[in-house]
Asker: 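Structure below; questions to follow.
Counting convention: from 1, in listed order, for ligands and their atoms alike.
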Amino acid sequence: MKKTKIAVFCSGGGTNLQALLDAEKSGAIESGKICLVLANNSSAYALERAKNAGVPTAVVTRRQTGSQEAFEAEILRLLQEYGIELIVLAGFMSILSENFTSKYPKRIINIHPSLIPSFCGKGFYGLHVHEAALAYGVKVTGATVHFVNEIPDGGQIILQKAVKVHKGDTPEKLQRRVMEQAEWKILPAACEKVAREIAIKGEKYEHIQNQ
Ligand code: GAR
């Protein structure tokens with residue numbers, strides 16, 4: 001079966017990207033191939049991780065492009081150039097407009113570091129999510145992979161995993177536990193699941209075309 005072409009969008013450290021690259025290498029992701037890593041800032045360490053794995057990289061910044069429209073137009077151009085069929089937001093700290101998300105229905109997935117619908121939506125990203133969870137006093141948190149639509153963190157849920165909050169947790173300690181126990185497991189698993197569904201659909205389409 002033809003592999004689904006994947007682009008991973010990042011903004012920072014890229015530990016989730018690393019989990020995806022490792023999963024592809026080990027064969028845990030077998031239905032897709034990571035063909036492009038895109039960052040919205042040139043200092044994202046994720047870019048180094050991609051280079052180390054031999055994956056092409058691109059940097060598109062909001063500041064360089066000047067407007068949200070131009071920023072997204074440049075990203076769309078790159079996606080077409082690489083023939084991308086699935087976009088994985090792995091710590092991508094920029095909200096994409098409806099104009100963009102509507103072009104890839106059920107073709108964009110995102111990892112969020114809480115159990116949606118808790119601690120999600122505008123303003124809930126990175127460490128802030130864990131600060132909010134600790135401030136609320138929840139005993140269980142976790143991570144969610146979901147499809148991306150026009151509502152921030154509002155698309156259909158694909159996978160979730162719960163993680164216990166420990167006494168004396170700091171946002172940093174909790175973030176690390178959520179990454180280790182949930183994010184780095186469910187993101188590659190969801191990526192394989194969706195890549196496989198897209199690959200199967202493509203195969204059926206080609207079959208019909210050839211009849
Ligand atoms: C991860 O915890 C991810 O879930 C979160 O940012 C971190 C990125 O880490 N994403 C969001 O908060 C999106 N709303 P990474 O760069 O090491 O993968």
Side-chain angles (χ1 to χ4, degrees), residues 6-24 29 34 36-53 55 57-62 75 87-97 100-101 108-136 138 140-165 169-191 194:
I6 302 168
V8 184
F9 290 12
C10 305
S11 298
T15 64
N16 278 287
L17 166 68
Q18 193 63 55
L20 292 166
L21 292 166
D22 294 347
E24 190 183 332
I29 293 179
I34 301 169
L36 176 67
V37 169
L38 185 144
N40 64 346
N41 73 84
S42 56
S43 57
Y45 185 67
L47 293 166
E48 296 306 315
R49 296 181 189 272
K51 281 174 196 155
N52 291 339
V55 176
T57 59
V59 177
V60 184
T61 71
R62 180 72 177 66
I75 296 177
I87 300 162
V88 181
L89 306 184
F92 188 61
M93 305 303 182
S94 177
I95 292 179
L96 296 163
S97 76
F100 185 98
T101 58
I108 312 174
I109 67 173
N110 177 50
I111 177 88
H112 183 76
S114 76
L115 293 174
I116 289 175
S118 289
F119 313 116
C120 65
K122 218 169 168 232
F124 287 98
Y125 60 90
L127 212 52
H128 298 308
V129 179
H130 305 290
E131 284 164 1
L134 289 176
Y136 199 96
V138 292
V140 172
T141 183
T144 304
V145 183
H146 62 92
F147 283 113
V148 174
N149 63 10
E150 69 286 359
I151 305 157
D153 299 324
Q156 189 192 333
I157 289 171
I158 304 164
L159 287 177
Q160 285 189 305
K161 194 166 189 292
V163 174
K164 277 186 188 158
V165 177
D169 264 350
T170 60
E172 290 80 5
K173 276 190 193 168
L174 185 57
Q175 180 181 50
R176 183 77 193 177
R177 191 175 317 115
V178 169
M179 282 177 160
E180 282 174 358
Q181 295 184 6
E183 296 187 43
W184 300 341
K185 294 182 176 166
I186 64 171
L187 185 60
C191 184
V194 178

Asker: For atom 17 (O) of ligand 1, find the nearest protein heavy atom and state the residue, atom name and distance (0.1 Å precision).
Answerer: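 Here the closest protein heavy atom is Thr15 OG1, 2.6 Å.
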
Asker: Looking at non-hydrogen atoms alone, which of Met93, Gln175, His128, Gln18 comes nearest to atom 6 (O) of ligand 1?
Answerer: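 Looking at heavy atoms only, Met93 sits closest to atom 6 (O) of ligand 1.
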
Asker: Any heavy atom of Gly126 sitting closer than 4.0 Å to ligand 1?
Answerer: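 Heavy atoms of Gly126 do come under 4.0 Å of ligand 1.
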
Asker: Can an N or O of Tyr125 be found at a distance shorter than 3.5 Å from an N or O of ligand 1?
Answerer: no

Asker: Find out whether Ile186 and Gln160 are in side-chain contact, i.e. whether some heavy atom of one side chain is under 4.5 Å from a heavy atom of the other.
Answerer: no

Asker: Give me the nearest non-hydrogen protein atom to atom 14 (N) of ligand 1 as residue plus atom name, then the distance to 0.1 Å.
Answerer: His112 ND1, 3.5 Å

Asker: Please tell me if the side chains of Phe147 and Ile108 come closer than 4.5 Å, counting only heavy atoms from C-beta onward.
Answerer: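 When only atoms from C-beta onward are counted, Ile108 and Phe147 do not touch, as no gap falls below 4.5 Å.
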
Asker: Between the side chains of Gln18 and Asp22, is a donor N or O closer than 3.5 angstrom to an acceptor N or O?
Answerer: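 Their side chains do contain a donor-acceptor pair, which is all the 3.5 Å distance test asks for.
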
Asker: Considering only non-hydrogen protein atoms, determine which one is nearest to atom 13 (C) of ligand 1 and report residue, atom name and distance to 0.1 Å.
Answerer: Ile111 O, 3.9 Å

Asker: For atom 4 (O) of ligand 1, what is the nearest protein heavy atom, given as residue, atom name and distance?
Answerer: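 The protein heavy atom lying closest is Glu183 OE1, 2.7 Å.
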
Asker: Looking only at distance, does Asp153 have an N or O less than 3.5 Å from an N or O of ligand 1?
Answerer: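 Such a contact does not occur with ligand 1.
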
Asker: So do the side chains of Val88 and Leu20 get within less than 4.5 Å of each other, counting heavy atoms only?
Answerer: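 Side-chain contact under 4.5 Å: yes.
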
Asker: If you count the atoms of ligand 1 from 1 in the order shown, which ones are under 4.0 Å from a heavy atom of Phe124?
Answerer: 14 (N)

Asker: To the nearest 0.5 Å, what is the distance between OG on Ser114 and CG on Asp153?
Answerer: 7.0 Å

Asker: Strictly by modelled atom types, are Glu150 and Thr101 linked by a side-chain donor-acceptor pair under 3.5 Å?
Answerer: no

Asker: Rounded to the nearest 0.5 Å, how far apart are CG of Leu134 and OG1 of Thr141?
Answerer: 8.5 Å

Asker: Test side-chain contact (heavy atoms from CB on, under 4.5 Å) on Ile6 and Cys191; report intermediate values, then the result.
Answerer: CA-CA 9 Å; Ile6 302 168; Cys191 184; 3.8 Å; yes

Asker: Any idea which protein heavy atom is nearest atom 16 (O) of ligand 1, and the distance to it?
Answerer: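 Checking every protein heavy atom, the shortest distance to atom 16 (O) of ligand 1 gives Gly14 N, 2.8 Å.
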
Asker: Starting from atom 11 (C) of ligand 1, which protein heavy atom do you reach first, and at what distance in Å?
Answerer: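 That would be Pro113 CD, 3.7 Å.
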
Asker: Are Glu172 and Arg176 within salt-bridge range, i.e. N to O under 4.0 Å?
Answerer: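 Salt bridge flag = no for Arg176 with Glu172.
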
Asker: Could you tell me, atom by atom, which parts of ligand 1 come under 4.0 Å of a heavy atom of Met179?
Answerer: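 Reading through ligand 1 atom by atom, the close ones are 1 (C), 2 (O), 9 (O), 17 (O).
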
Asker: Among all the protein's non-hydrogen atoms, which is closest to atom 8 (C) of ligand 1, and how far away is it?
Answerer: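 Result: Gly91 CA, 3.7 Å.
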
